[in-house]
Each structure stands twice: as structure tokens, then as C-alpha cells.
Amino acid sequence: MNTSAWMEIGLFFVVLIGLVKPLGWYMARVYAGQPCGLDRAIGPIERTLYRLSGVRQDEEMTWTTYAFATLVFNALGVVVVYLLQRTQEWLPLNPQQLGAVAPDLAFNTAVSFASNTNWQAYSGESTLSYFTQMIGLTVQNFVSAATGMAVLIALIRGLTRRMTETIGNFWVDLTRSTLYILLPLSFVMAIILVSQGVVQTFSPAVEVALLESATDAEGKSVTTQTIPLGPAASQIAIKQLGTNGGGFFGVNSAHPLENSTPLSNFLQVLAILLIAAALCYTFGDLVGDPRQGWALLAAMLVIFVPMLVVCVWAEQVGNPRLSEIDIDQTSNAFQSGGNMEGKEVRFGAAASALWATATTAASNGSVNAMHDSFTPLGGLIPLWMMQLGEVIFGGVGSGLYGLIIFAILAVFIAGLMVGRTPEYLGKKIEAYEMKMASLVVLIPPMVVLGGTAIAVSLDVGRASVTNPGPHGFTQILYALSSAGNNNGSAFGGFGANTPFFNCLLGAAMLISRYWLIVPVLAIAGSLARKKYTPPSAGTLPTHTPLFVVLVAGMVLLVGALTFVPALALGPVIEHLQLTATH
Amino acid sequence: MSTRTVRPLFDWPIVKQAIWGAFYKLDPRHQLRNPVMFTVLIGSIFTTILALRATTTPGTESAAFVGGIAAWLWFTLLFANFAEAMAEGRGKAQADALRKSRQEVMACRLTSNNVRESVPSSQLKKGDIVIVKAGDLVPIDGEVIDGVASVDESAITGESAPVIRESGGDRSAVTGGTRVISDSLTIKATSSPGESFLDRMISMVEGAKRQKTPNEIALDILLAAMTIVFLLACATLVPISEYSVVLAGKGTPITLAVVVALLVCLIPTTIGGLLSAIGIAGMDRMIQANVIATSGRAVEAAGDIDVLLLDKTGTITLGNRQAVEFIPADGVTAEQLADAAQLSSLSDETPEGRSIVILAKTKYGLRGRNVEELRAKFIEFSARTRMSGVDLDGRQIRKGAVDAMENYVREQNGDFPRSLKDQVSRIANLGGTPLVVAEGKRALGVIYLKDIVKGGIRERFAQLRQMGIKTVMITGDNPLTAAAIAAEAGVDDFLAEATPEAKLALIREYQAGGRLVAMTGDGTNDSPALAQADVAVAMNSGTQAAKEAGNMVDLDSNPTKLIEIVEIGKQLLMTRGALTTFSIANDVSKYFAIIPAAFVGTYPELNRLNVMALATPSSAILSAVIFNALVIVFLIPLALRGVRYQSVGAATLLRNNLVVYGLGGFVVPFVGIKIIDLILVALHLA
């Protein structure tokens with residue numbers, strides 16, 4: 001691996017961690033309703049929105065009302081996106097005159113964008129009109145991210161409030177997340193991306209002459225190429241920042257018009273983790289002890305960094321079978337080296353591995369290389385990252401609320417070991433919280449493993465597999481892991497656009513997103529009702545390195561214990577077979 | 001001190017009973033209470049059927065192998081049952097000892113028209129009046145309404161010295177089964193037969209009324225959730241392995257017996273099997289410390305205590321103040337003062353009075369004088385005058401509280417010198433009690449009475465502070481005195497001039513701040529505070545009202561016991577946490593044993609994951625199952641005794657326990673499974 005790759009990864013962490021505090025502080029002020037600098041500009045818009053929609057800003061909700069509002073709002077989102085796809089041929093901004101999307105695919109896509117998954121069983125340029133992309137998908141990119149953030153803030157309120165029934169107002173949290181955080185950041189990001197050559201236009205696709213003519217499958221000579229265009233930059237900014245991941249074009253950020261330069265690549269991969277990381281600081285700030293936030297960020301990094309190292313290493317070493325037949329995979333002055341199958345030469349193996357780890361650590365799912373073509377070990381990392389429950393950074397808001405649930409579990413077991421009934425941030429963790437936390441931890445594996453079992457048992461499931469051997473199974477496992485944890489990345493070779501998988505994966509995305517939000521809000525409500533127990537020397541401190549290791553260990557252990565058998569029959573055996581000596 | 005019965009961990013009669021109990025508890029209705037073990041039960045039944053099928057239809061799977069798995073799954077269940085039965089057995093043994101004291105006796109009941117009649121104690125009802133004479137057993141719990149008597153309570157407390165029980169005041173409660181040794185008592189029954197204190201105690205100990213405690217329920221939920229996760233991971237292996245066989249084109253799918261074996265190995269059977277034993281053993285440890293908790297919930301809460309309210313007298317100080325110095329006023333010699341002080345105290349039988357006589361003798365060589373010969377008129381202490389003294393040979397000597405004495409001297413136109421006042425406040429600042437001695441109108445000086453802080457108590461409080469527990473001293477003393485003693489004893493805070501209302505208010509204040517408060521009390525006026533406190537330990541010598549208000553009773557009536565109670569509560573929680581961690585950490589090795597073994601036919605390369613180099617697939621799987629069963633047996637002593645509690649900070653405690661039970665739980669099974677595998681191979685069993 002060459003120096004520039006190391007420097008890029010190093011710079012990535014420096015910039016990411018450097019931005020955590022300022023952005024986290026800013027977001028804390030936004031949620032605390034304190035002046036944050038943009039009030040003069042955005043305040044009037046915010047108030048107008050409330051007036052138009054009849055939202056009373058100071059009205060507080062119980063957790064059930066909050067959950068109801070969240071679900072109703074998201075259900076509406078699903079319906080609107082579904083209808084837009086079904087009727088796009090009669091709607092404006094459809095220069096390619098694309099027809100209505102098939103019902104199963106439309107359902108899958110609607111759920112996918114509302115649930116912040118952005119699993120794409122379609123290819124944007126050949127399926128969706130500009131109107132659908134902008135009014136349907138881009139809007140969902142914003143509000144699905146804002147939903148996650150709102151639920152997180154509600155949970156934080158549960159932790160900080162004492163003996164009250166209410167946990168905030170969903171409409172206010174949703175609006176403020178969108179207006180003060182996501183929109184300004186996306187605006188800046190989109191402008192920079194356009195400056196790098198990412199396309200932003202309403203023009204239809206252009207037909208250009210090829211420099212060199214080619215022949216197609218039927219032997220006919222091809223002299224022109226259709227280059228799809230569209231309002232991409234504005235969608236890509238929020239796609240990365242809001243951990244959505246749904247590309248404007250089919251190949252996502254591997255497409256030159258979606259991710260054009262090394263700088264755009266760096267900014268896009270940074271944007272994947274930016275808000276999720278900064279929310280840790282916001283959390284610490286809001287609970288009145290920034291160390292608590294840093295501890296959770298550290299727990300994320302403790303898992304993320306080794307995973308990244310393994311992935312980069314596996315991709316950079318390349319395929320041993322190719323080395324056997326004297327193919328040069330080393331990094332030198334002429335090539336970045338490593339396993340280059342399915343990777344952009346612009347980015348190389350290391351930057352692709354960084355992206356793959358980041359996009360699956362966060363529940364982003366955008367790609368700049370084809371995960372299907374990664375080495376078994378290199379592909380194991382993104383797969384396992386998703387299976388860990390999308391709590392290592394995870395989705396904006398949803399990742400951190402997931403990790404807080406894991407922290408509650410860790411506190412429960414560790415708290416017992418110090419001889420006290422467990423408490424987190426001064427709130428006693430009791431049977432009700434354990435019940436809800438168990439649901440949060442249980443549902444994603446249930447969806448992933450259950451779905452995988454269904455898919456491998458049925459012929460319609462097996463039919464989508466495009467690889468022989470264990471890799472075929474890994475393709476199915478990857479698809480379910482991605483949908484079941486609201487990630488959205490895919491093994492590209494997998495034939496996902498079938499009625500069977502559109503429905504199965506659509507259901508998986510629905511369950512994993514909303515069946516988790518409800519118990520999380522239930523915990524928020526229950527914690528808000530409790531009184532506060534001030535810490536003493538006998539209280540388990542939750543900001544120490546030991547606790548960081550404990551939380552990370554808890555995440556890894558649950559992920560490992562649940563998925564080891566399945567992984568053993570997928571990427572693990574693939575790796576063993578690849579490296580077996582003959 | 002009480003005599004404690006230290007029972008060996010494995011007492012043969014108890015073990016024998018527990019073995020039977022283990023089988024008896026296989027009842028599915030019993031197992032249903034515990035989701036983890038219920039899953040094992042289903043698994044055992046299922047594999048037994050598979051084993052039977054394998055014997056009747058040969059060629060499917062080795063009947064010996066499936067039978068082996070089935071047998072060890074049954075053992076897993078039996079071992080867990082045995083642990084629970086052991087814990088119950090130990091508690092029962094304690095209860096039986098108690099029950100012996102509750103023989104059927106004839107009681108002398110006083111009917112409404114004052115006629116005495118003889119009835120068996122089992123027919124007494126609440127509110128009945130009975131008369132108990134010397135030599136009789138007290139038939140029922142009750143309150144003394146008339147008489148004073150000495151009572152032998154050794155049957156329940158182990159304390160051989162008799163105690164005084166009298167009507168009114170704080171020593172009016174008597175317990176059924178104790179024996180009156182002198183005089184006679186008239187007792188009003190405060191409970192009906194079968195509901196007496198002893199009965200409740202016995203049923204608690206026997207576990208008949210054992211309900212799951214809140215934390216136990218929460219842990220149960222976690223364990224159930226983990227069981228479901230593993231159930232899912234294992235069940236989905238069947239279609240996944242079938243598909244893998246299709247993809248690989250060789251091997252056979254995983255068999256159901258192996259799936260069940262994997263499942264039972266993975267689910268937290270270690271903690272699941274020992275959970276109820278841990279709870280019962282916690283109650284049992286309380287009883288061994290001579291403390292009866294009215295619920296397991298109270299034992300659990302004891303571990304959470306943040307604030308201990310301790311009565312100064314008897315807990316922090318020895319209870320009696322002692323004279324340590326005579327400080328004469330100007331123009332008075334120390335001998336004169338000592339002489340007057342001694343004379344005034346000769347008939348004073350209080351410990352303070354006696355200590356004055358002793359000090360006069362040891363320091364000034366003043367021998368005790370014969371009270372009769374002196375023809376002295378002693379003036380008793382009264383609450384109104386707040387002084388006592390003696391009149392003899394025209395001398396009028398008085399000693400008493402400072403303000404009372406100052407009034408006394410001034411009334412006689414005497415002078416109360418400023419230097420004396422300075423001495424008085426100096427003593428008060430030191431935490432002592434100044435007693436002023438005056439003869440006629442002349443103030444002679446001050447006696448310095450000192451509260452003697454118990455040896456070692458300071459260290460004890462330092463330990464508590466490290467445990468994160470705040471100690472608050474409760475005393476009727478004035479704030480100055482209280483502050484000085486508080487400083488000497490090393491308590492964190494104190495409540496001076498405490499009244500029952502002030503105590504109650506203090507508890508409420510702490511609770512409002514989110515703290516859990518523990519206190520001890522014996523008097524009826526302690527009842528409101530006891531009822532308010534989260535952990536309230538009533539002294540057995542205290543009133544019935546106090547016992548009813550508290551959620552624990554200390555049979556030894558030793559206020560320092562509170563510290564031990566907290567430790568037992570913490571131990572209980574720690575044991576649960578430690579075994580849960582151990583149980584989960586175990587799973588890593590079991591995967592390494594079973595996964596390669598289960599799929600090696602389909603993917604031979606998986607054998608590289610067989611890091612323990614286990615001999616054959618079937619020996620690997622059997623070894624894991626056997627280890628999983630045996631580890632329960634090995635951990636029974638830990639479950640019964642509890643994890644040792646050290647009073648170090650929470651962070652250190654966590655680190656130590658994580659290393660022992662987390663890392664230990666990770667490493668031990670690798671070794672254990674390998675050893676079992678070696679044995680199986682050596683015995684040609686697999």
C-alpha cells in the first residue's frame with residue numbers, strides 16, 4: 001500500500017474527529033432550542049412552516065404520541081413515493097419518458113427510501129424520472145434522516161428528563177433537524193460537488209460519439225454512447241450526509257458523474273460518518289457530560305479502526321490465486337495495486353476499502369466500488385459491519401440510539417458486576433427497559449437470519465444467485481443483512497429486482513426500521529418517568545476506557561454470536577478455500 | 001456475640017435431598033418458570049426421541065452419539081435443578097432448626113371475663129391475651145402489655161444471655177418460641193398462628209413463597225432474549241446448511257441432534273441454571289448473618305444503598321459516655337473537684353456516674369465511700385431539674401447539664417465564671433459532654449464526659465465511602481457535640497438533635513435526591529422512618545411496630561449489621577453479573593468446537609478453525625455438550641457462596657471481575673473442552 005493511501009486514511013480521521021466537536025456543539029444548540037447562528041436566516045421559515053401545518057412549537061408529546069407521529073409521517077412518505085413512481089409518466093420532469101415502475105419494485109423503493117435504507121433494486125437513470133428522484137427520493141433522503149435524528153433526541157430527552165411523561169415534539173425535532181442541520185450542510189456539500197464536476201442539470205441524457213467504436217453482444221458495431229444526466233449533486237449531498245446511500249445512477253458513487261475526483265471522493269466518504277460521529281458529541285453535550293459522548297464515539301472507533309485495517313489489508317494484498325499466476329498486484333509507481341476487480345482506478349484498493357467500511361459502518365450503503373468483487377475477507381468486513389446492527393456510527397440518529405441501547409445492555413451486565421442494580425446516566429435500568437432493549441437487539445438478526453433462511457429454502461430465492469459455491473450464499477446473506485439493518489448496499493451481481501426479493505427485502509426494511517423505533521421511544525418514555533440517581537463511588541462510570549471496551553465488546557459479541565454460523569458458511573469458508581494450499 | 005452456625009457447603013443429608021429434588025424438579029411446570037432451562041428440557045426430550053429413532057431405524061445417525069447428546073442434555077437439566085435444590089436445602093436446614101423452637105405448647109389464655117383457660121398455641125388468634133410464666137415458652141408473637149421478665153431468645157438469635165422484656169417502651173415485643181426464665185408476662189398476640197414472624201421466616205427460607213426479584217426478572221428477560229437469538233441462529237442453520245450442500249455439491253446437511261446440541265451449548269445455561277440458586281443463597285446468607293429479610297427484593301435493594309443512617313449510640317460509639325477529665329474552676333484544686341464529683345455520683349448507677357467514681361479513684365486515689373455510713377441524702381436526677389447530687393454534712397453538691405447548673409448557681413446568687421464557660425465550650429467542641437459540679441453557690445468545675453468511638457469503625461466507614469456509600473450519624477446530641485464525634489468517627493454527615501420527624505424528613509430528602517437509604521431502628525417512634533427507608537433493619541429487641549415497619553429484622557440486634565447486609569446485597573448482584581458474563585464468554589469456544597465439526601463434511605477447509613484440534617466431529621460436539629453440563633456443577637459453590645465482595649471503587653471491581661469472569665469465561669472452556677475430548681478419545685467413547 002502506498003503512502004498516499006495511508007495519508008488519505010490518516011487525513012480522513014483527523015478531519016472527521018476534528019469536526020465532531022464544532023458540529024456536535026452546533027447540533028446540541030439546535031436541539032436545545034438555543035441560538036445557533038442560523039436563527040435569523042432560518043427562524044422565519046421554521047415559524048412559517050409551523051403556522052402552515054398547525055404545529056404548536058411548545059407542545060410536548062408522550063412517547064406513544066411521539067411514536068404515533070413518527071409512524072404516521074413515515075407511512076405517508078411510503079405512500080407518496082409509491083404513488084409518484086406509479087404515476088411518473090404523467091408527471092413533469094421526465095425527459096426520458098420513463099414509464100410507471102412495477103408495483104413490487106415501487107413498494108420496495110418507497111419503503112427503502114422512507115426507512116433510510118436506500119436499497120436500490122432499480123437503476124436510477126433507466127427507471128426513475130427526475131421528478132420522482134427529486135420530489136420523492138431526495139425529500140425522503142432528508143426526512144428519513146431527520147426521523148432518525150428526532151428519535152435519538154427523544155431518547156436523549158428520556159435520559160435527561162426526570163419524572164415527566166413527555167419526550168419532546170416530533171414535528172419540531174423533525175423540522176429543526178432538516179432546516180438547521182441537513183439542509184445547510186447539504187447545500188454546502190452540493191456546491192462543492194458541482195465544483196468537482198458532479199452533474200446537476202435538468203437536461204435529458206446526451207448521445208455522444210465513441211472515440212473508438214465497439215461491437216455489442218450480437219456483433220453489431222456501436223459508435224455512440226448515451227450518457228445519462230440529471231440533478232445529481234443535490235441528491236448526492238444528502239445521500240451521503242443523511243446516511244441514505246441511494247445513488248442517482250445505478251453504480252452509485254463509482255459513477256464518474258456522481259463522484260468525479262479524489263477530492264469529491266474524500267468529501268463524500270467523510271460525509272458518510274460526519275453527522276453520525278458529531279451526534280456523539282451532541283449527546284454528551286445534552287446529557288451534560290461530554291465525556292459520555294466521547295466514550296460512545298470511542299466505542300465506535302474501537303470497532304471501526306481494526307475493521308478498516310483488515311478490509312484495507314485484505315483488498316491491498318489482493319487475490320492469492322492471481323499472484324500464483326504471476327499477476328502483479330503490488331503497489332508501485334504505476335499502480336495502486338491490490339484486488340482491483342470491481343474498483344475504480346481513480347480511487348484504488350485502499351480508498352475503496354475505506355469507503356466500503358465506512359458505508360457499512362454507517363447505514364449509508366452508497367458504494368464507490370463493487371462489494372461483490374471484494375476478496376472474501378474484504379467482503380466479510382462490510383457484511384459483518386451491517387450485521388453488528390448498524391450501531392458503529394450507523395444511520396444518522398439511528399446508529400447512536402442503537403448504540404445507546406447496547407450501552408444499556410452493557411451497563412446491565414457490568415452494573416451487576418459492581419454490586420448494584422444497573423443504572424445508566426443516573427437512570428435505573430429495569431425489567432421494562434430490558435424488555436425493550438432486547439427487542440431492539442433481537443429484531444435485526446431475526447429479520448436477517450429468518451429472511452435468509454426463507455430465501456435459501458425457496459427456488460425463487462436461489463434463482464437470484466449469480467455465483468457458484470459459498471459466494472452464492474454470501475450474496476443472499478448480504479442482501480438480507482443490508483435490508484435487515486437499513487444499510488442499502490448490495491453485492492451488485494445479485495439479481496435483486498424480482499417480485500420475491502422486492503417483497504421480502506421491503507418487508508425486512510420496514511420491520512427493522514420501525515419495530516426498532518417503537519421500543520426505543522418506549523425506553524425514552526420509561527426513562528423520562530424515572531427519577532435521577534446521582535452517581536457515587538459505587539456507581540459504574542460510563543465514560544472510562546473500560547466502559548468503552550465493554551460497549552464495543554457487547555456489540556461485537558452479540559454480532560459474532562448471532563452470525564458466526566452463517567458467516568462460517570459464507571465468507572469465512574470462501575476465504576479458507578481461497579487461501580487453502582494445494 | 002451470637003453463635004453462628006457455619007454449615008459446610010456440601011452437607012451430605014442436604015446433598016442427598018437435593019439429588020432427589022433435582023429429579024422432582026424436572027416437572028415441566030417448574031421448568032416453565034425459567035425460559036433457558038425450559039428450552040433445554042424441550043431439547044432433551046427432542047434428542048431423546050431422535051436417539052430412539054436412531055436405534056430403531058439404523059443408518060441415519062449413530063444412536064450412541066445422539067443418545068450421548070440426549071443423556072448430557074438431561075444431565076444439564078439435572079445439574080441446574082440440583083443447584084437450586086441445594087440452595088433450597090441449605091435454607092430449609094436453617095428453617096428446620098428454627099421450626100424446632102416452635103413446638104406446640106399449651107397457652108394460658110385470658111378470656112374477656114378474666115378467666116384463664118388452657119388452649120393449644122395453634123388455636124391462638126391475633127388479639128388474644130395470654131399469660132406466660134417463668135419456664136414457659138412464649139406461644140406466639142406478641143406485645144407485652146403487663147409485667148417485666150427476662151427472656152431467653154437463644155432459640156432464634158443464638159444469643160445465650162437473656163434479655164429483658166417489659167410492657168411499654170421499646171422492649172415490649174416477644175417472639176413465639178422464646179422462653180421466659182423469670183417472672184411472668186401478659187402478652188397480647190400480634191399475629192395468628194401460621195403468620196407469625198417465625199412462620200414467615202421459615203417460608204421465606206424454604207423458598208415456598210419465593211418470588212422473583214425485580215432485577216432477577218430483568219435478567220430473565222435478557223436471558224430469554226439471548227435464548228431466542230440463539231434459537232434463531234441455530235434453527236436457520238438447517239436451511240442454510242442444506243443450501244450449502246447444494247452449492248458445494250458434497251456433504252450432508254446438519255443433523256437436528258447437532259443443531260439442538262449447538263443450541264443448548266450457546267444459550268446461557270450456566271447463569272440460567274444457577275439463577276434461582278443464587279437468589280436463594282443470597283437469602284440464606286442473610287439468615288446466616290442472623291438477619292431475616294421479609295423479601296428477596298429487600299436483599300437486592302441492600303446492594304444499592306447509597307446512604308446509611310446510623311444511630312450514634314451503640315453503632316458508632318460504645319453507647320456509654322465516660323468521664324475522662326476533671327477540670328476545676330479557678331481557685332479550686334482538682335482534688336476538691338474530684339471529691340465533690342465522686343460524692344455526687346456515689347449513688348448514680350448510670351454508666352456515666354460509675355465512670356466518674358472510677359476516674360476519681362484511678363486518677364486521684366479517692367476510694368469509694370460507704371454510702372450508708374455517710375448518711376447522705378441523694379438527689380435523684382429528674383428530667384425537670386436536669387441535675388442530681390447529694391446533701392451531706394451541710395454540703396449541697398450538685399452536678400448536671402451546663403445550663404441547668406448555671407441557673408442553679410445564679411439562683412443562689414453565685415457566680416458562674418467565664419473561664420468555666422470557656423472550658424464547657426471547649427469540651428463541647430471536642431464532642432464531649434460537660435457536666436458542671438457545684439457546691440452550694442460555688443461552681444467547682446467541669447467533668448469531661450467523652451463518647452468513646454468504637455474501635456475500627458473509622459476504617460469501616462472509609463470502606464463504605466469507597467463503596468460509594470455515604471454514612472450519616474443520627475444523634476440526639478447538640479450539633480457541636482455531634483460534629484466532633486462525626487469527625488472522630490469519620491462519618492460523612494450527621495443529624496444532630498434528631499427527632500423522629502427530623503429522621504423521616506432526612507430520609508425523604510435523600511430519596512428525593514434519588515438516593516436509596518438504609519437505616520436501623522428499634523423504637524416505636526422509629527417506625528415512620530423505618531417504613532420510609534428503602535432498607536429498614538429492625539432490631540429483634542425492638543417493638544413489634546418497628547419490626548412491622550422494617551423489611552428486615554436483625555436477630556442479633558446489632559446496628560453495625562447494616563454494613564454486612566449491604567455487602568450481602570452487593571454479593572448477590574455481583575454473582576449474577578459474574579456468571580452471566582462467564583456464560584456469554586463461554587460461547588466463543590463452543591462455536592470453535594461445534595461449527596467446524598458440524599460442517600466439515602460439506603467444507604473440509606473448515607477444519608482449519610478446529611483450533612482445539614478435537615479428535616472427531618462427534619467427539620468435538622459431545623465434549624462441548626459435556627463441558628456445558630459440568631460447568632454448572634463446578635460453579636455451584638460459587639453460586640451458593642457468592643462472589644467475594646471487596647470494598648474498592650466500582651471501576652476497580654468491574655475490571656477485576658471482567659478479568660476473572662470475562663477473560664476466564666473465554667479461556668476456561670477451550671481448556672475444558674480439550675480435556676474432555678482427550679478423555680472421550682482415551683475411553684474410546686467417541
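Quick caveat: nothing in here was measured; it's all calculated off a predicted structure. Chain identifiers are assigned alphabetically (A, B, ...) following the order of the sequence lines, protein sequences preceding nucleic acid strands; residue numbering begins at 1 within each chain.
A 4.5 Å side-chain heavy-atom check between A:Met446 and B:Ile228 finds at least one atom pair inside the cut-off. Contact check for A:Thr452 versus B:Ile240: side-chain heavy atoms found under the 4.5 Å cut-off. Taking 4.5 Å as the limit, some side-chain heavy atom of A:Pro422 sits within range of a side-chain heavy atom of B:Asn215. Considering only heavy atoms from C-beta on, A:Arg420 comes within 4.5 Å of B:Asp306 through its side chain. In this structure the side chain of A:Ile573 never reaches within 4.5 angstrom of the side chain of B:Thr602, judged on heavy atoms.
With respect to chain B, the highest number of heavy-atom pairs below 4.5 Å among A:Gly538, A:Pro541, A:Gly426 belongs to A:Gly538. Ranked by heavy-atom pairs under 4.5 Å with chain A, the first of B:Lys570, B:Gln466, B:Arg655, B:Arg465 is B:Lys570. Ranked by heavy-atom pairs under 4.5 Å with chain B, the list A:Thr533, A:Ile429, A:Leu442, A:Thr544 is led by A:Leu442. Between chain A and the residues B:Gly303, B:Ala585, B:Pro596, B:Ala235, the most heavy-atom pairs under 4.5 angstrom are made by B:Gly303. Ranked by heavy-atom pairs under 4.5 Å with chain A, the list B:Ala233, B:Gly513, B:Gly249, B:Gly468 is led by B:Gly468. Counting heavy-atom pairs closer than 4.5 Å to chain A, the top-ranked of the candidates B:Asp587, B:Leu237, B:Thr236, B:Val588 is B:Thr236. Residue with the most contacts toward chain B among A:Pro534, A:Gly553, A:Ala568: A:Pro534 (heavy-atom pairs, distance under 4.5 Å). For chain A, the option among B:Thr652, B:Leu219, B:Asp220 with the highest count of heavy-atom pairs below 4.5 Å is B:Leu219.
The part of B:Ile305 that comes within reach of chain A is its backbone (N, CA, C, O), which places non-hydrogen atoms under 4.5 angstrom from that chain. Neither the backbone nor the side chain of A:Val549 comes within contact range of chain B; no heavy atoms are under 4.5 Å apart. Proximity to chain B (any heavy atom under 4.5 Å) is restricted, for A:Leu550, to the side chain, taken from C-beta onward. Looking at A:Leu477, neither its backbone nor its side chain comes within 4.5 Å of chain B, counting heavy atoms on both sides. Contact of B:Ile594 with chain A is not made at all, since no heavy-atom distance falls under 4.5 Å. Neither the backbone nor the side chain of B:Ala248 has a heavy atom closer than 4.5 Å to any heavy atom of chain A. Residue contact with chain B, scored on non-hydrogen atoms closer than 4.5 Å, is absent for A:Val441. Interface remark: B:Ile595 contributes side-chain atoms only to the contact with chain A (heavy atom separation under 4.5 Å). The parts of B:Leu654 that come within reach of chain A are both its backbone and its side chain, each placing non-hydrogen atoms under 4.5 angstrom from that chain. Looking at A:Leu540, both its backbone and its side chain come within 4.5 Å of chain B, counting heavy atoms on both sides. Heavy atoms of B:Val246 lying under 4.5 Å from chain A belong exclusively to its side chain. Using a 4.5 Å cut-off between heavy atoms, A:Ala560 touches chain B through its backbone atoms (N, CA, C, O) alone. At a 4.5 Å heavy-atom cutoff, A:Lys530 makes no contact with chain B through either its backbone or its side chain. For chain B, the nearby parts of A:Lys435 are the backbone and the side chain; heavy atoms of each come within less than 4.5 Å.
Rounding to the nearest 0.5 Å places CG of A:Leu557 at 7.5 Å from CE of B:Met226. Note: B:Thr575 OG1 to A:Leu416 CG = 10.0 Å, rounded to the nearest 0.5 Å. The distance from atom OH of B:Tyr243 to atom CD1 of A:Ile476, rounded to the nearest 0.5 Å, is 4.5 Å. Here the CZ-CG distance, from A:Phe412 to B:Leu222, works out to 6.0 Å after rounding to the nearest 0.5 Å. Distance check, rounded to the nearest 0.5 Å: CG of A:Leu569 to CG of B:Leu606 gives 6.5 Å. One finds the CZ atom of B:Arg608 at 4.0 Å from the OG1 atom of A:Thr579 (value rounded to the nearest 0.5 Å).
Taking all atoms of both residues into account, the shortest heavy-atom contact from B:Met574 to A:Met417 is CG-O, 3.3 Å.
In this structure, B:Tyr591 contributes its side chain and A:Leu561 its backbone to a donor-acceptor pair below 3.5 Å. Remark: the backbone N or O of A:Thr421 is paired with a side-chain donor or acceptor of B:Asp304 at under 3.5 angstrom.
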